[in-house]
Amino acid sequence: MTQISTKPPSGMRDFLAPDLARRRHAIAVIRRVYESFGFAPLETPTIENLSTLLGKYGPEGDQLLYRILHRRERLARALEPKADGSRPTELDLADEGLRYDLTVPLARVVANYPELPAFYKRYQIQPVWRADRPAKGRFREFFQCDVDVCGTKSLVAEAEVCGAVATVLLELGFAKPGQPAGSFRILVNHRELLRAMVAEAGIDAALEGVALIALDKLDKIGADGVLAELVAKGIGAGAAAKLLEVLAAARAPGFLAARAGAATRPGSAAAKELVELLAIAAAGPAGPHLAFDPTLARGLSYYTGPIFEIAVDGLAGSMGGGGRYDGLIGMFTKRQIPAVGFSLGLERVLLVMEERGMFPPLATGPELLLCRFPDVSAADAIRVATQLRAERIRPDGARERGLRVELFADAPAIGKQLQYANAIGAPFAGLLGSDELAQQSLTLKKLATGEQKTLPLAAVAASVRSG
RNA sequence: GUGAGUGUAGCUCAGUUGGUUAGAGCGCCAGACUGUGACUCUGGAUGUCGGGGGUUCAAAUCCCCUCACUCACCCCA
């Protein structure tokens with residue numbers, strides 16, 4: 001163990017220039033689209049009080065929270081046995097943790113700033129942390145891109161957040177349904193509908209969670225598999241079979257409309273909401289992508305109404321998810337404020353885009369590497385680089401942006417400098433010798449073809465731009 | 001949390017039933033044009049074989065421990 005590991009901690013990553021080019025490309029699209037829907041930006045701290053975070057995500061979520069150990073005297077005190085002789089617990093050793101998602105911090109913010117507009121729409125693109133075991137497409141530090149609407153129970157809010165993420169994906173190059181190669185679906189369901197189905201099957205509300213998780217696997221392990229798992233989790237064989245029956249009925253075409261019309265049956269109101277949501281959303285960009293999926297459950301415990309998840313072929317997890325959480329903000333303030341949101345998983349989106357080759361060519365680095373021969377002083381090279389970088393006014397009055405210019409620091413053999421230009425992917429090299437300097441000119445070399453010409457400094461930018 | 005797999009040069013990997021000096025390709029460095037890279041040719045350097053212990057005359061190879069990473073499941077974004 002003499003050698004210090006130079007790798008980042010597991011599940012966390014360094015982002016080098018090519019990674020950042022792709023990430024920034026996606027984030028730029030996300031930000032632009034979210035703002036076009038009228039969402040305002042928000043950023044919140046990396047660290048939140050544990051009292052803010054605990055109890056919002058369910059037991060599994062609490063388990064995955066990164067906690068920040070007390071320091072110095074506070075830690076020493078916390079480590080001592082308590083008055084009753086019992087040992088300190090996890091709760092005694094920390095009262096802060098890293099944020100686990102962006103929704104709970106948003107709820108805290110809404111509760112903390114009563115002066116915010118009654119209908120607060122915000123977007124937030126920041127990393128979150130989960131003490132999970134990393135896997136393909138799963139990290140311990142990852143970025144979420146959230147949009148949320150607070151202050152209304154209107155299903156327009158649902159339609160808008162779905163429309164926003166659908167627009168993002170379309171603008172990133174994901175296809176409409178019918179073009180299976182690049183398509184995505186937004187699955188929708190309703191917490192109340194799920195509860196009604198579980199109740200209808202005669203399953204105890206306490207077992208609702210495990211029942212829903214088993215149900216969610218129907219496509220993977222089949223009806224027999226789900227049945228076996230339900231029984232294994234302590235649900236009677238009769239109730240388990242009944243649940244599958246209820247579910248099969250829910251999958252039949254026309255189920256939602258029928259249930260919405262049957263006002264006395266459990267889940268009728270929820271079905272009605274989904275019917276309405278699908279109808280409203282049909283007018284927006286999410287319309288063609290939305291699909292009712294009665295098995296969609298979602299793990300976070302704060303959801304109360306419609307829930308969503310983005311599914312694409314070939315991705316084990318989801319690219320994003322969301323739903324309505326009318327009770328969450330009320331956990332931080334006496335005011336009960338309804339809200340609904342959608343979260344895109346940046347890494348999941350990038351993963352799928354990578355696999356499908358969806359990135360456009362992304363320009364990075366300098367457009368021109370300025371190489372100097374040994375007979376040119378460093379000061380002269382800097383003067384020329386400065387001139388090339390500066391914006392200038394063309395004779396016709398138009399403004400011309402300066403070039404992205406890197407100046408080679410030393411002046412070794414020109415071949416070395418060209419090798420470097422090649423290595424960093426610069427499309428052009430500018431060769432500066434005493435001849436060029438005397439004429440206020442530059443020999444411009446196009447690396448891809450090797451062709452080169454000497455031209456006045458003032459003409460270099462235009463020539464680079466024209467390729 | 002469960003199960004499986006992989007750790008050998010900067011990278012991707014080969015290395016036979018244990019056998020003496022551990023290899024290839026790519027990359028890197030130097031040269032074949034003294035103001036020209038990417039292509040070609042020649043030459044060169046590169047390793048605690050993940051780490052520790054054990055078996056053996058002998059270990060990259062077999063055994064144990066440990067660490068790291070990957071995949072699948074679970075769950076999620």
Side-chain angles (χ1 to χ4, degrees), chain A residues 1-13 30 57-61 63-64 100-103 125-146 165 209-210 212-214 216-217 220-221 225 229 233 296-301 307-312 315-323 341-352 369 371-376 408 411-437 442-452 454:
Chain A
M1 287 292 249
T2 51
Q3 184 67 46
I4 298 171
S5 170
T6 52
K7 278 183 280 202
S10 110
M12 308 204 173
R13 296 148 300 155
I30 293 167
Y57 305 109
E60 303 230 349
Q63 209 62 36
L64 297 177
Y100 178 89
D101 74 355
L102 303 179
T103 307
I125 302 170
Q126 284 191 281
V128 302
W129 292 268
R130 296 184 186 178
D132 217 344
R133 182 188 287 213
K136 187 183 179 186
R138 180 164 68 193
F139 304 94
R140 300 199 302 176
E141 175 180 59
F142 62 98
F143 274 67
Q144 292 195 320
C145 314
D146 280 35
V165 298
V210 295
L212 294 180
I213 287 168
D216 204 30
K217 295 182 208 165
K220 279 184 210 158
I221 60 180
E229 179 159 338
K233 292 281 162 66
L296 175 65
R298 298 201 49 76
L300 299 178
S301 57
I307 49 180
F308 328 109
E309 195 159 285
I310 303 174
V312 294
L315 182 69
S318 72
M319 274 203 311
F342 213 127
S343 176
L344 275 178
L346 182 65
E347 283 74 12
R348 297 279 170 86
V349 172
L350 294 172
L351 180 71
V352 175
L369 179 78
C371 311
R372 79 182 144 107
F373 290 100
D375 58 358
V376 171
F408 201 95
I414 211 73
K416 281 264 174 273
Q417 305 188 45
L418 287 171
Q419 255 177 40
Y420 174 74
N422 218 47
I424 62 171
F428 289 91
L431 307 187
L432 186 64
S434 49
D435 295 352
E436 285 89 349
L437 199 59
L442 190 66
T443 297
L444 185 64
K445 183 182 185 70
K446 185 171 183 175
L447 276 305
T449 60
E451 61 185 308
Q452 66 182 57
T454 302

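Every chain is numbered from 1 and lettered A, B, ... according to where its sequence line falls, protein lines coming before strand lines.
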Would you name the heavy atoms of Ser10(A) and Pro134(A) that are closest together and state the gap between them?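 Residues Ser10(A) and Pro134(A), closest heavy atoms: OG-CG, 3.5 Å.
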Taking atom [atom1] in both [N] and [M], compute the distance separating them and give it to the nearest angstrom.
{"N": "A58(B)", "M": "G18(B)", "atom1": "C1'", "answer": "8 Å"}
{"N": "C29(B)", "M": "A9(B)", "atom1": "C1'", "answer": "15 Å"}
{"N": "G25(B)", "M": "U40(B)", "atom1": "P", "answer": "14 Å"}
{"N": "U61(B)", "M": "A14(B)", "atom1": "P", "answer": "16 Å"}
{"N": "G3(B)", "M": "A60(B)", "atom1": "P", "answer": "31 Å"}
{"N": "C13(B)", "M": "G7(B)", "atom1": "P", "answer": "9 Å"}
{"N": "U56(B)", "M": "G50(B)", "atom1": "C1'", "answer": "23 Å"}
{"N": "G23(B)", "M": "U16(B)", "atom1": "P", "answer": "14 Å"}

Taking [X] for the side chain and [Y] for the main chain, is one N or O donor matched with an acceptor at less than 3.5 Å?
{"X": "Gln417(A)", "Y": "Arg372(A)", "value": "yes"}
{"X": "Lys445(A)", "Y": "Gly450(A)", "value": "yes"}
{"X": "Gln144(A)", "Y": "Leu346(A)", "value": "no"}
{"X": "Arg348(A)", "Y": "Gly320(A)", "value": "no"}

By salt bridge (charged side-chain N to carboxylate O under 4.0 Å, His left out), Glu309(A) pairs with (sequence neighbours left out) Arg298(A)
For Asp132(A), what residues pass the salt bridge (charged side-chain N to carboxylate O under 4.0 Å, His left out) criterion, not counting sequence neighbours? Arg138(A)
Arg130(A) and Arg140(A): CA distance, side-chain angles, deciding distance, side-chain contact (heavy atoms from CB on, under 4.5 Å) verdict: CA-CA 5 Å; Arg130(A) 296 184 186 178; Arg140(A) 300 199 302 176; 5.9 Å; no
Could you state the atom-to-atom distance from [atom1] of [X] to [atom2] of [N] in whole Å?
{"X": "Leu344(A)", "N": "C76(B)", "atom1": "CG", "atom2": "C1'", "value": "15 Å"}
{"X": "Glu141(A)", "N": "A77(B)", "atom1": "CD", "atom2": "C1'", "value": "14 Å"}
{"X": "Asp101(A)", "N": "C75(B)", "atom1": "CG", "atom2": "C1'", "value": "15 Å"}
{"X": "Ile30(A)", "N": "A77(B)", "atom1": "CD1", "atom2": "C1'", "value": "12 Å"}
{"X": "Phe142(A)", "N": "C75(B)", "atom1": "CZ", "atom2": "P", "value": "16 Å"}

Please state whether the base of C76(B) and the side chain of Arg348(A) form at least one donor-acceptor pair under 3.5 Å?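 Yes, a donor-acceptor pair under 3.5 Å.
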Consecutive-pair stems (3 or more, Watson-Crick or G-U, under 3.5 Å) for RNA chain B: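 Looking at RNA chain B, the stems formed by three or more consecutive pairs are B:1-7 with B:67-73, B:10-13 with B:23-26, B:28-32 with B:40-44, B:50-54 with B:62-66.
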Can you tell which of Thr443(A), Leu369(A), Leu442(A) makes a side chain to side chain contact (heavy atoms under 4.5 Å, CB included) with Leu431(A)? Thr443(A)
Taking N or O atoms only and anything under 3.5 Å, show me the protein contacts with nucleotides 69-71 of chain B, one pair per line.
none

Check the angle between the aromatic planes of Tyr420(A) and Phe408(A) and answer parallel, tilted or perpendicular using the 30° and 60° thresholds.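 The rings of Tyr420(A) and Phe408(A) stand perpendicular, inter-plane angle above 60°.
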Return the set of residues passing side-chain contact (heavy atoms from CB on, under 4.5 Å) with Pro374(A) (not counting sequence neighbours), or none when no residue passes.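 If we apply the side-chain contact (heavy atoms from CB on, under 4.5 Å) test to Pro374(A), skipping adjacent residues, there are no hits.
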Find out whether the Lys NZ or Arg CZ of Arg13(A) is both under 6.0 angstrom from the six-membered ring centre of Phe139(A) and within 45° of the ring's axis. yes
Between the protein and nucleotides 32-40 of chain B, list the N/O to N/O atom pairs that are separated by less than 3.5 angstrom.
unit_1	atom_1	unit_2	atom_2	d
G35(B)	O6	Asp435(A)	OD2	3.2
G35(B)	N1	Glu436(A)	OE1	3.4
G35(B)	N1	Glu436(A)	OE2	3.2
G35(B)	N2	Glu436(A)	OE2	3.0
U36(B)	O2	Lys445(A)	NZ	2.6
U36(B)	O2	Gln452(A)	OE1	3.2
U36(B)	N3	Gln452(A)	OE1	2.7
U36(B)	N3	Gln452(A)	NE2	3.3
U36(B)	O4	Gln452(A)	NE2	2.8
G37(B)	O6	Gly450(A)	N	3.4
G37(B)	N1	Leu447(A)	O	2.3
G37(B)	N2	Asn422(A)	OD1	2.6
G37(B)	N2	Leu447(A)	O	2.6
A38(B)	O4'	Asn422(A)	ND2	3.1

